[in-house]
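Below is one structure, written out as structure tokens; comments come after it.
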Amino acid sequence: MKAVIMAGGFGTRLMPLTENEPKPMVKLIDKPVLQYTIELLKKHGITDIAMTLAYLPEKIKSYFGDGSKFGVNLTYFTENEPLGTAGSVKQTRNFVSDDFLVISGDCYTEIDLSKAIDFHYRIKSPFTVVSQPKENPVGYGVLEVDINHKITKFVEKPEGVKSGLINTGIYVLNKKILDEIPDGFCDFGKQLIPKLVGKIYSYVDYSYWSDIGTLISYYETNAKIARDMLVPV
């Protein structure tokens, strides 16, 4: 299986850390968050990886190169105009395999990608959204599922919701889903997923996940990794 890392984020809420760095290059402890994502993919046997870039793309390219020093093969797709999350992934049509994984390059997670992929194949899902329960899910896409794991409702960043399943921005999808993405700008959460409600599925994972979208979550994630480094495995 191949993977696409969405690495075009500006990281406005992380200013001043992102003033001269793309959000995926912000460091957690001693390396960019994007490097953790690559290492997670490699851990699960995924080494053929595309990256979609937008903000300061050369900083990412110069650090990761062709990926060989990280044990992976990297191919880059740079946006000439804003395409949104789904629109940027559509650029990779000629790169991806029949089923492929999409993951955000500006999040830190320990989600078991292999289990998500197995779930996707087992239920023959055309599009699997990896989700997890969260208290006070303000600022996230919130979804509901039925007993068969099919997504029955999806609302991007709703107000007044006290708890629910949130969209982690990790997807396993069949290449045919790219036909559902219009040319130009298209966002997974705001446009594509709501359009496909009732036809797609969710895999629920309870592992650590953080979008490091704010300075508070960024510092909390650094503290979590630091604690893990001090605890013998």
Side-chain angles (χ1 to χ4, degrees), residues 1-12 22-24 34 37-38 40-41 44 46-61 64 66-67 72-107 109 111 113 116-117 119-121 124-131 140-141 143 151 154-157 166-203 211 213:
M1 178 171 283
K2 295 182 179 181
V4 177
I5 301 177
M6 299 177 291
F10 287 84
T12 305
K23 185 182 175 187
L34 180 53
T37 303
I38 290 173
L40 179 66
L41 290 170
H44 290 276
I46 302 173
T47 57
D48 218 359
I49 302 167
M51 281 193 200
T52 63
L53 309 178
Y55 179 56
L56 300 176
E58 293 306 320
K59 289 211 167 186
I60 293 175
K61 290 180 180 180
F64 290 101
D66 63 3
V72 299
N73 305 307
L74 294 177
T75 302
Y76 298 99
F77 295 83
T78 304
E79 298 176 34
N80 295 318
E81 59 184 28
L83 295 175
T85 52
S88 69
V89 171
K90 186 176 182 178
Q91 293 182 103
T92 70
R93 173 187 291 276
N94 294 329
F95 168 85
V96 297
S97 45
D98 288 343
D99 289 271
F100 63 100
L101 185 138
V102 175
I103 188 169
S104 297
D106 52 12
C107 295
T109 185
I111 284 174
L113 302 180
I117 293 167
F119 170 90
H120 174 82
Y121 282 128
K124 299 179 181 179
S125 171
F127 185 165
T128 300
V129 177
V130 178
S131 62
Y140 298 99
L143 55 112
I151 297 175
F154 184 93
V155 181
E156 182 72 359
K157 300 179 180 178
I166 65 163
N167 174 18
T168 65
I170 301 173
Y171 313 113
V172 188
L173 57 154
N174 187 273
K175 188 173 182 178
K176 292 180 181 178
I177 290 293
L178 297 180
D179 296 333
E180 302 288 340
I181 303 174
D183 293 335
F185 187 94
C186 183
D187 184 81
F188 276 114
K190 294 178 181 177
Q191 295 159 281
L192 184 63
I193 296 175
K195 173 184 174 183
L196 298 174
V197 163
K199 302 176 182 178
I200 61 178
Y201 296 80
S202 173
Y203 169 76
D211 71 347

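Residues I111 and H44 form no side-chain contact, since every pair of their non-hydrogen atoms from C-beta on lies 4.5 Å or further apart. With contacts defined as side-chain heavy-atom distances shorter than 4.5 Å, the pair M6/F188 qualifies. A heavy-atom distance below 4.5 Å is not found between the side chains of L143 and I193. D99 has its side chain within reach of N174: a pair of non-hydrogen atoms, C-beta onward, lies under 4.5 Å apart. With a 4.5 Å cut-off on side-chain heavy atoms, V102 and T85 do not count as touching. Between F64 and L34, the closest side-chain pair of non-hydrogen atoms falls below 4.5 Å. Within the 4.5 Å cutoff, no side-chain heavy atoms of Y171 are placed close to those of I177. Proximity of Y55 to K23: side-chain heavy atoms (C-beta onward) are nowhere separated by under 4.5 Å.
No donor-acceptor pair under 3.5 Å is formed between the side chain of T128 and the backbone N or O of Y203. With S202 contributing its side chain and V129 its backbone, the two residues share a donor-acceptor pair below 3.5 Å.
Taken to the nearest 0.5 Å, the CD1 atom of I103 stands 7.5 Å off from the OG1 atom of T168. From I5, atom CD1 reaches atom CD1 of I60 across 9.5 Å, with rounding to the nearest 0.5 Å. Between Y201 atom OH and K124 atom NZ the span is 11.0 Å, to the nearest 0.5 Å. Distance check, rounded to the nearest 0.5 Å: CG of L53 to NZ of K59 gives 14.0 Å. Put simply, CZ on F185 and CD on E81 are 11.0 Å apart, with the number rounded to the nearest 0.5 Å. For the atom pair CG (L192) and CD (E180), the distance works out to 7.5 Å, reported to the nearest 0.5 Å.
The pair D179-R93 counts as a salt bridge, with a side-chain nitrogen and a carboxylate oxygen less than 4.0 angstrom apart.
Atom NZ of K61 is surrounded by more than 12 heavy atoms from other residues, nucleotides or ligands within 6.0 Å. Within a 6.0 Å sphere centred on NZ of K157, heavy atoms belonging to other residues, nucleotides or ligands number 12 at most. Atom NZ of K176 has 12 or fewer neighbouring heavy atoms from other residues, nucleotides or ligands inside a 6.0 Å radius.
Here the closest heavy-atom approach between residue I181 and residue K90 is recorded as O-NZ, 2.6 Å. Among all heavy-atom pairs drawn from I38 and M51, the shortest one is CD1-CE, 3.5 Å. Considering all non-hydrogen atoms of both residues, F154 and G141 come closest at CZ-CA, 3.8 Å. Shown here for T37 and C107, the closest heavy-atom pair between the two residues is OG1-O, 3.6 Å. The two atoms that bring E79 and S88 nearest to each other are OE2-CB, 3.2 Å, heavy atoms only. Nearest heavy-atom pair across P24 and G105 is CB-O, 3.5 Å.
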Problem set entry | Evaluation steps, side-chain contact (heavy atoms from CB on, under 4.5 Å), between F100 and L178 | CA-CA 11 Å; F100 63 100; L178 297 180; 4.1 Å; yes
For this session: Given side-chain contact (heavy atoms from CB on, under 4.5 Å), test V96 with L173 step by step and report yes or no.
Result: CA-CA 10 Å; V96 297; L173 57 154; over 6 Å; no
Problem set entry | Chi angles and distances behind the side-chain contact (heavy atoms from CB on, under 4.5 Å) call for Q91, V4 | CA-CA 10 Å; Q91 293 182 103; V4 177; over 6 Å; no
Exercise. So T52 and L83, side-chain contact (heavy atoms from CB on, under 4.5 Å) or not? Walk me through it.
Worked result: CA-CA 10 Å; T52 63; L83 295 175; over 6 Å; no
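Both cation-pi conditions hold for K2 and F95: the charged atom is under 6.0 angstrom from the six-membered ring centre and inside a 45 degree cone around its axis.
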